[in-house]
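Per chain, numbering begins at 1; letters A, B, ... match sequence-line order. Just so we're clear, the structure is a prediction, and the values are computed from it rather than from any experiment.
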Amino acid sequence: MALFRERCAQYVAIAVLFTATSVFAADTPNTLLPTINITQGEKCVEPTDVIRKEHKYFLLHQRDSTLREGVRSKKHSLKNCVNCHADPKTDSVIGEEGFCSSCHSYAAVTIDCFSCHTDKRESNAASLK
Amino acid sequence: MSLNRREFLGIGAAVTAGAAIAPGIRLIELVQARSLEEAASAQQRWGLLIDTNKCTRNCTACVDACFVENGIGNKGRPATDPQWIRKIETKDPSTGYTHSLPVLCQHCDYPPCVDVCPTGASMKRADGIVLVDKHICIGCRFCMMACPYKARSFVHEVITDQKAYAPRGKGTVESCTLCVHKIDRGDGTTACTEACNKGGHQAIIFGDLKDPNSEISKSLREKGGRQIRADLKLNTGIRYQGL
Amino acid sequence: MSKIQYDTIEGRSTGFLMLLGIFGAMVLAALGASYFMEHNGHYVTGMSNQIVWGTPHVFAVFLIVAASGALNVSSIGTVFGKAMYKPLSRLSNVLSLTLLTGGLMVLVLDLGRPDRIIIAMTYYNFKSIFAWNMILYNGFFVIVGIYLWTLMDHNVKGYARTAGMAAFIWRLTLTTGTGSIFGFLVAREAYDAAIMAPMFIIMSFSFGLAFYLLVLMAAYTWTGRPLGDAVVTRLKNLLGVFVASVLYFVLVYHLTNLYVTEHHGVERFILLDGGIYTQLFWIGQVIIGGIVPLLIFFTPAFGKSRAVLSLGAVLVILGGLAQMYVIIIGGQAYPLSMFPGMEVSSSFYDGVVANYTPTLAEVLLGLGGIGLALAATTFALKVLPLLPHSLADKIADPHYKAESA
């Protein structure tokens, strides 16, 4: 009998803990999927399924060729991505509905780029195909 | 001799065309603009020649221009605020002679900062510009210990609203990039050089040290130029006259 | 010398738990301090663009140097075959591993981007002495780990000599590398000297043995095990020799600089008018860390008092910290000599002695390194049989002659 009571107490404790942690979810909007607002351009520089999986590798390669070799091609440049994908209201790609941060927070992958790179589109940027 | 109208118009057109093209010719002399897809090449070596006799104590045009160009803010904490270029005032205690000159990253040919960087973030580009690859900088500050010119700054605070062409972030080390974004764009100059010329001082010449016909090479050949701490044999890209 | 029996300590007493608690608290404080520094940026510390490496680095380099020296006891037993040191070897290995862990923790947590430590271990610039040090530190864990295994597992006992020799050479390379971090820097007058590497080696002997002696005496006293005078006297005399050697290297370093006119400025700064650096040099490094311990170790009257000997070892450690502070921070405080002979001023603190005040966060981070090292050692003593059951003279002293009653 004592063992049964102890077991019950354990299960109740676990259940309470689980529901208690949902308190921390209070301020995040309850979206099941990331919100992707694409407002400019007809298409991306790469097909959607390619860019979704490989954009990290494009950026990794581009950053070395730009910085270390001085090649400034626009196609995979981060600046180009930002200029096109920046939210028209906030001018930024991060923030609650930012293009980059929306998917990245859904996938729980930290973005390191914007500690150094500006997340805002350039004021004189033209959108590029 | 008298000119008829046709001859006058012809000469006038030629002079006007010449005046329009001449600045263009100067620009092409200064820099061979690369296309965007082209890598930097070891055929060129960018440098500055600073005639410090033209520097005055109160002038900080080069410093201010650098701050504006690269988006370097001032938090009112001079010990930790970054400075990519600064004016140094020297005084010879035995004679009383005073002098003023700007000191920045010297873009050495044998940079001690590049030697000591554990990850290779501190690097020298093919055309001689010494840069920090902030993607792999771990913020150990060993390059700052190693630099004989105290050229490097550590970013001690969070930075926002960076310029798109000059990414900068907390926890990494930075220094003068010789306005690499302007060079690659084909501007053919740096912000400090531009500001100095605009202010009428004409103390700084930017150019290709490997091109014997560039203005900088000619001036070095005719009037000479010295390195700061030349005994270290680092073969700096920044040369000074009047030191 | 009869066969040595090793066992673990019981590790259940209040004292043991209190020790773990205190050291654990130090580590937690360090983690909190590191988060504070990293989250806000280093402007909350005393470090700046002038004093680039501060109190955390003083502690980190000190612990790393002591770690390499703590292995000395083990090397003397295995590599040089001195019988009395053999029972002391296991603790020596473990202490060197834990001290290195503590030092590296402080170093990594102070980085501007500690989240990029994986990059530091995968992108290497092989011209950088810092990169070599990373390889040497990681290799140290592996080699000393294997060495410890050969000491403890009698199936592989035969390999102890090889492992010990490898560890000895690796350790000398590591400490040479640590000293060369400063010795290879051409920019600053206080560095750029070949003597930095061997001076760091002799410093490692001194600090490492001081730590070892303190841990050994504490472990035996607090667990009620016998520790005879033979062992203590031998270690005390050896420590005295090392302390004297460090003073010799410091003397040579400064004498050379004093002879060279070019370096008169920095020598005057350290030895005469550098304020806190001058005080730390003479009072901290030379007197407290050198002369007083020598008096303690070599005066026969103090030879029998364990308390006084412990004090001597503590003073060596304090003097060592002072020495690191003078080298690392004093060396940066003195201005760069870009225009020799000229008075220089600018908006970037050129030409002036740089100011530095340690902040609480930095000190907590540094102390956390010591906390981690000692917490790990304390825990290791409980789970591994590191200590001989008895180090009384009749067991530990190879020249023991039973006294007639």
Listing, residues 69-76 of chain B side-chain donor-acceptor contacts under 3.5 Å, not counting sequence neighbours, or none:
residue, atom, partner, partner atom, Å
B:Glu69, OE2, B:His181, NE2, 2.8
B:Asn70, ND2, B:Cys66, O, 3.2
B:Asn74, OD1, B:Gly76, N, 2.7

* Would you sort out whether B:Leu36 and A:Lys74 count as a side-chain contact (heavy atoms from CB on, under 4.5 Å), showing the intermediate values? => CA-CA 8 Å; B:Leu36 287 179; A:Lys74 285 207 190 313; 4.1 Å; yes

* Are the side chains of A:Lys120 and B:Asp161 in touch, meaning some heavy atoms are under 4.5 Å apart? -> yes

* Asked: Is chain A contacted by the side chain of B:Val155, its backbone, both, or neither, given a heavy-atom distance below 4.5 Å?
  -> neither

* **Side-chain donor/acceptor of A:Glu69 to backbone N/O of B:Ala39, under 3.5 Å** => no

* Which is it for B:His135 and A:Asp112 under the side-chain contact (heavy atoms from CB on, under 4.5 Å) test, yes or no, and what are the steps along the way? -> CA-CA 9 Å; B:His135 304 119; A:Asp112 195 22; over 6 Å; no

* Asked: So what's closer than 4.5 Å to chain A heavy atoms on B:Ile136: side chain, backbone, both or neither?
  -> side chain

* Asked: Going by the side chain to side chain donor-acceptor pair (under 3.5 Å) test, which pairs reach into residues 102-116 of chain B, not counting sequence neighbours?
  -> B:Gln106-B:Tyr240, B:Asp109-B:Lys124, B:Asp109-B:Asn235, B:Asp115-C:Lys127

* **Interface residue of largest heavy-atom contact number with chain B, from A:Cys116, A:Ser65, A:Gly70, under 4.5 Å** => A:Cys116

* Over all heavy atoms of both residues, which pair between A:Arg68 and B:Gly120 is shortest? Give the atoms and the distance, please. => NH2-O, 2.8 Å

* **Side chain / backbone / both / neither for A:Asp119 at chain B, heavy atoms under 4.5 Å** => neither

* To do: Could you walk me through whether A:Asp64 and B:Asp133 pass the side-chain contact (heavy atoms from CB on, under 4.5 Å) test, one step at a time?
  => CA-CA 9 Å; A:Asp64 283 340; B:Asp133 183 352; 4.0 Å; yes

